[in-house]
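Notes for the one structure printed next.
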Amino acid sequence: MRLAVNIDHIATLRQARKGHEPEPLAAAVLAELAGAQGITVHLRGDRRHIQDRDVELLQKTISTRLNVEMAATGEMASIAARIKPFQVTLVPERPQELTTEGGLDVIAHATEIDAFITQMHNSAVQVSIFLDPELDQVQKATSVGADAIEINTGRYAEASGAQAMRELERIREAARAGAAAGIEVLAGHGLNYVNVIPIAAIQEIVELNIGHSIVSRASLVGMDRAVRDMVALLSR
Ligand code: PXP
């Protein structure tokens, strides 16, 4: 299973002083050297952490795949068409939210998502859609032409006991449905070094996007160690 490291919170720390350190590009290169197979950033409308220059520099510099999470807006479409990352992941965005709160409702926003995907494909950018583990959402993502889905593991991560087991089963079913439909299946949100284990065992999921727990561990033991520890848990 591939690991893509989300480095948004390196930029959060930098933006706390609006200065130059820590440099997200340096974090990305260290993550790659430690075995990450991709780098993910979320370019938010309010630019609270990642800035346009970060996306530009990452795309020019990293040797793995750059995945940029964004809302399906005209502004973001033109940035993606100009910078051309490997992949864009469409996410819902609420200005006051602390972090992404749930999956994108592909059914409710099918027309605009369809148009966004066409624009991205014209620029040779692959599109993934972050969605909740619901079969009708997976089906709609396939029919609007997404290249991949990223299953939201947030509710699983917040649950415990029997509720966590139920959420895990929903993720398994959504992953199976996505793989059966021929779409690439990714997952992420709220995963850490403990709750990742059952997710890593789901064969249909080919990549995880993990940010907060890796950057938190990196702040104490270093990026190299934090990424290597997670890569070891995902090897199968
Ligand atoms: N996937 C998506 C779509 C996200 O928005 C985020 C958070 O930016 C993540 C994965 C990573 O979540 P976490 O930081 O909790 O690992």
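No hydrogens, no waters, no symmetry mates; every other heavy atom, side chains included, goes into these values. Every number for a ligand or one of its atoms is a count from 1 in the order of the listing. Count residues from 1 along the sequence.
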- Transitively linked via ILVMFWY side-chain contacts under 4.5 Å: Ile151 with Ile113? yes
- Task: Name the orientation class of the two ring planes belonging to His212 and His9 (parallel below 30°, tilted from 30 to 60°, perpendicular beyond 60°).
- Result: perpendicular
- Note on the structure: The protein heavy atom nearest to atom 6 (C) of ligand 1 is His189 CD2, 3.4 Å
- Item | Basic-acidic side-chain contact under 4.0 Å: Glu173, Arg176 | no
- Query: To which protein heavy atom is atom 5 (O) of ligand 1 closest, and what is the distance rounded to 0.1 Å?
  - Reply: Thr100 OG1, 2.7 Å
- Task: Compute the shortest N/O to N/O distance between His212 and ligand 1 and return yes if it is under 3.5 Å, no if not.
- Result: yes
- What do you reckon, does Glu150 have a nitrogen or oxygen under 3.5 Å from a nitrogen or oxygen of ligand 1? yes
- Message: Polar contacts were defined as any N/O atom of the residue lying under 3.5 Å from an N/O atom of the ligand; does this apply to Glu69 and ligand 1?
- Response: yes
- Task: Enumerate the atoms of ligand 1 whose separation from the nearest heavy atom of Asn6 is less than 4.0 angstrom.
- Result: 8 (O)
- Using a strict cut-off of less than 4.0 Å between a Lys/Arg side-chain nitrogen and an Asp/Glu carboxylate oxygen, indicate whether Arg170 and Glu134 qualify as a salt bridge. yes
- Quick one: does Gly190 get an N or O within less than 3.5 Å of an N or O on ligand 1? yes
- Does Ser213 have a heavy atom less than 4.0 Å from any atom of ligand 1? no
- Under 3.5 Å between some N or O of ligand 1 and some N or O of Val91? no
- Task: Using atom types as modelled and distance alone, determine if a side-chain donor or acceptor of Glu150 lies under 3.5 Å from a backbone N or O of Ser128.
- Result: no
- Message: I'd like to know if the side chain of Asp229 and the backbone of Ala226 have a donor-acceptor N/O pair within less than 3.5 Å.
- Response: no
- Would Glu169 and Arg166 pass as an ion pair if we require N to O under 4.0 Å? no
- Just jot down the ligand 1 atoms closer than 4.0 angstrom to any heavy atom of Ile210, in number order. 16 (O)
- Note on the structure: Here the atoms of ligand 1 under 4.0 Å from any heavy atom belonging to Asp8 are 8 (O)
- Message: Applying side chain to side chain donor-acceptor pair (under 3.5 Å) to Asn152 and Asp132, what does each step give before you reach the verdict?
- Response: CA-CA 5 Å; Asn152 179 14; Asp132 291 327; 2.9 Å; yes
